[in-house]
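Here is the naming used below: chain letters follow the sequence lines, and residue numbers restart at 1 for every chain.
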Number of protein chains: 2
Amino acid sequence: MVSDDLFADPPEDTQEEILQAAFEVLQEQGYSGLSIQRIANKVGLQKASIYHHYSDKDDLLLSFVDHILDRMESDLIRTADVSPKTQLESILDSLLLDERASTSAVEISPPSDDLLRVFIQIRAQATHNSDYQDRIAAIDERHEEHLAAIIQRGIDAGEFRNVDPNQVATALNTFILGSFSQRATRTQVSLEPVHKSIYSYLENSVYV
Amino acid sequence: MVSDDLFADPPEDTQEEILQAAFEVLQEQGYSGLSIQRIANKVGLQKASIYHHYSDKDDLLLSFVDHILDRMESDLIRTADVSPKTQLESILDSLLLDERASTSAVEISPPSDDLLRVFIQIRAQATHNSDYQDRIAAIDERHEEHLAAIIQRGIDAGEFRNVDPNQVATALNTFILGSFSQRATRTQVSLEPVHKSIYSYLENSVYV
DNA sequence: ACAAGACTAACAAACGTTCGGTTGGTGAAA
DNA sequence: TTTCACCAACCGAACGTTTGTTAGTCTTGT
């Protein structure tokens with residue numbers, strides 16, 4: 001009726017509702033339980049209606065993966081106008097501390113446990129599907145470049161030693177990925193020891 | 001015919017052949033493609049015959065997971081009669097170096113890429129299945145205890161500083177898990193930067 | 001002859017997908 | 001302002017295939 005409704009209560013695209021439903025199904029049933037029928041039930045549609053929005057299951061799944069990896073990337077990569085050391089530590093704090101975003105100066109919202117579990121499952125598909133491999137490689141590379149840029153800024157600013165930014169970034173990324181896998185596949189795992197060890201590494205091997 | 005055949009060319013238990021077939025199917029098709037039909041085709045049996053060896057699919061899958069995790073654990077946990085520092089470094093070398101088991105004093109055969117891919121896929125199932133979660137938690141804990149014991153030996157021998165063995169072990173395990181995930185989900189990934197960084201950590205934060 | 005192991009055949013259920021039909025709203029023609 | 005055509009969105013029903021599973025039968029070594 002009124003054109004204001006366009007901005008008022010966005011019922012969202014049905015397409016996105018379907019992706020959100022897929023997210024929930026994947027979380028509950030896993031990749032092998034991710035069927036058109038279950039997605040349709042979750043949205044409240046007939047399964048035939050899904051094909052009005054996606055040409056086939058492969059189309060839906062590829063869109064879904066892009067959607068998830070975009071969300072993941074926007075949680076991981078953020079620019080901030082603080083010192084390299086502060087930025088690096090606020091990233092690690094948000095990813096590795098139980099009480100998140102409390103002590104750090106910069107507010108960073110880490111990926112939720114739900115998103116992490118879905119991410120780990122998509123990653124596992126990359127073991128046997130080269131389409132997924134390419135996308136996973138791309139997000140990993142961008143994440144490493146992001147970390148390397150911070151380290152390079154730290155070196156330039158005299159805060160960090162003259163380390164190899166790519167080497168340290170790769171190591172940090174591997175570390176973060178390992179902690180993601182822990183968080184997603186085990187319950188009640190404390191990342192505090194990991195947090196302490198990586199700070200020890202930074203203090204003794206990276207900071208001036 | 002002759003009883004010597006029992007030892008000559010071990011056709012192995014049919015049960016194990018089925019598990020090996022499941023291994024290959026999982027590797028090629030992923031978890032969602034792991035069907036009784038495909039496993040039977042791989043062994044050269046009718047799918048009905050599978051039920052002569054396993055009561056149902058769940059039974060087969062649980063045996064399969066146990067089988068894989070046992071193989072994984074025997075690759076990860078080995079006792080050796082060398083100094084703690086040597087043992088720790090030979091473990092890291094075998095897991096993180098491209099040319100494996102060349103420079104290290106102790107021969108350790110690391111998990112193959114195939115096994116690693118399957119392991120990562122089983123781990124991903126743990127995100128939504130508590131049976132898998134328990135088994136994954138168990139193998140992680142044993143691996144961490146193994147690492148912690150080495151570190152404790154190093155402290156007692158005066159080779160390592162008075163660090164918290166469990167904290168360092170947890171960090172090392174997280175690191176190793178991250179590199180496993182990298183190796184399994186990306187092609188052509190070099191673990192050399194990771195290897196260098198962790199050695200830097202050990203030199204500056206753990207060794208005396 | 002006996003049991004283990006493999007076979008053929010069939011089952012209901014779930015799978016992805018297609019077809020044809022029913023809505024409800026929007027824009028143009030009358 | 002009414003009428004009509006159009007179209008996106010959704011639905012019900014059916015399709016052929018694959019799924020896990022069971023029952024009964026044949027084959028084989030001891």
Round to the nearest Å and state the distance from [X] atom [atom1] to [N] atom [atom2].
X	N	atom1	atom2	value
B/Ile18	C/dG5	CD1	C1'	11 Å
B/His52	D/dG24	NE2	P	15 Å
B/Tyr51	C/dT8	OH	P	17 Å
A/Ile50	D/dA9	CD1	C1'	12 Å
B/Leu45	C/dA4	CG	C1'	13 Å
A/Gln15	D/dA8	CD	C1'	12 Å
B/Asn41	D/dT19	CG	P	9 Å
A/Asp59	C/dT17	CG	P	10 Å

query = If we ignore angles and hydrogens, is there a donor and acceptor under 3.5 Å between the side chains of B/Gln152 and B/Asp156?
reply =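 Yes, B/Asp156 and B/Gln152 have a side-chain donor paired with an acceptor closer than 3.5 Å.
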Testing the 3.5 Å rule here: is there a donor-acceptor pair between the side chains of A/Thr174 and B/Ser179?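 No, B/Ser179 and A/Thr174 have no side-chain donor paired with an acceptor closer than 3.5 Å.
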- prompt: Does A/Ser49 use its side chain to pair, donor to acceptor, with the backbone of A/Leu45 at less than 3.5 Å?
  reply: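 No, the answer is negative, given that no donor and acceptor are paired below the 3.5 Å cut-off.
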side-chain N/O [X] vs [N] OP1/OP2, d < 4.0 Å:
X	N	value
A/Ser49	D/dA9	no
B/Gln46	C/dT8	yes
B/His53	C/dA4	no

Of the candidate nucleotides D/dT21, C/dA6, D/dA14, which contains the atom at the shortest distance from the side chain of B/Lys57?
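Side chain of B/Lys57 sits closest to D/dT21.
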Given DNA chain C, 5'-ward residue of the pair A/Arg38 and A/Ser55, judged by closest heavy atom:
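It is A/Arg38 whose nearest nucleotide is closer to the 5' end.
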Taking the nucleotide of DNA chain D with the nearest heavy atom to each, does B/Ala48 or B/Ser35 sit closer to the 5' end?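 By nearest-heavy-atom nucleotide position, the 5'-most residue is B/Ser35.
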Q.
The criterion is ring pair (Phe, Tyr, Trp, His ring centres under 6.0 Å); which residues satisfy it with B/His195, sequence neighbours excluded?
A.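 If we apply the ring pair (Phe, Tyr, Trp, His ring centres under 6.0 Å) test to B/His195, skipping adjacent residues, the hits are B/Tyr199.
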- prompt: What pairs meet the salt bridge (Lys or Arg N to Asp or Glu O under 4.0 Å) rule with one or both residues in residues 137-148 of chain B, with sequence neighbours excluded?
  reply: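 Sorted result for residues 137-148 of chain B: A/Arg186-B/Asp140, A/Arg186-B/Glu141, A/Arg186-B/Glu144, B/Glu73-B/Arg142, B/Arg123-B/Asp140.
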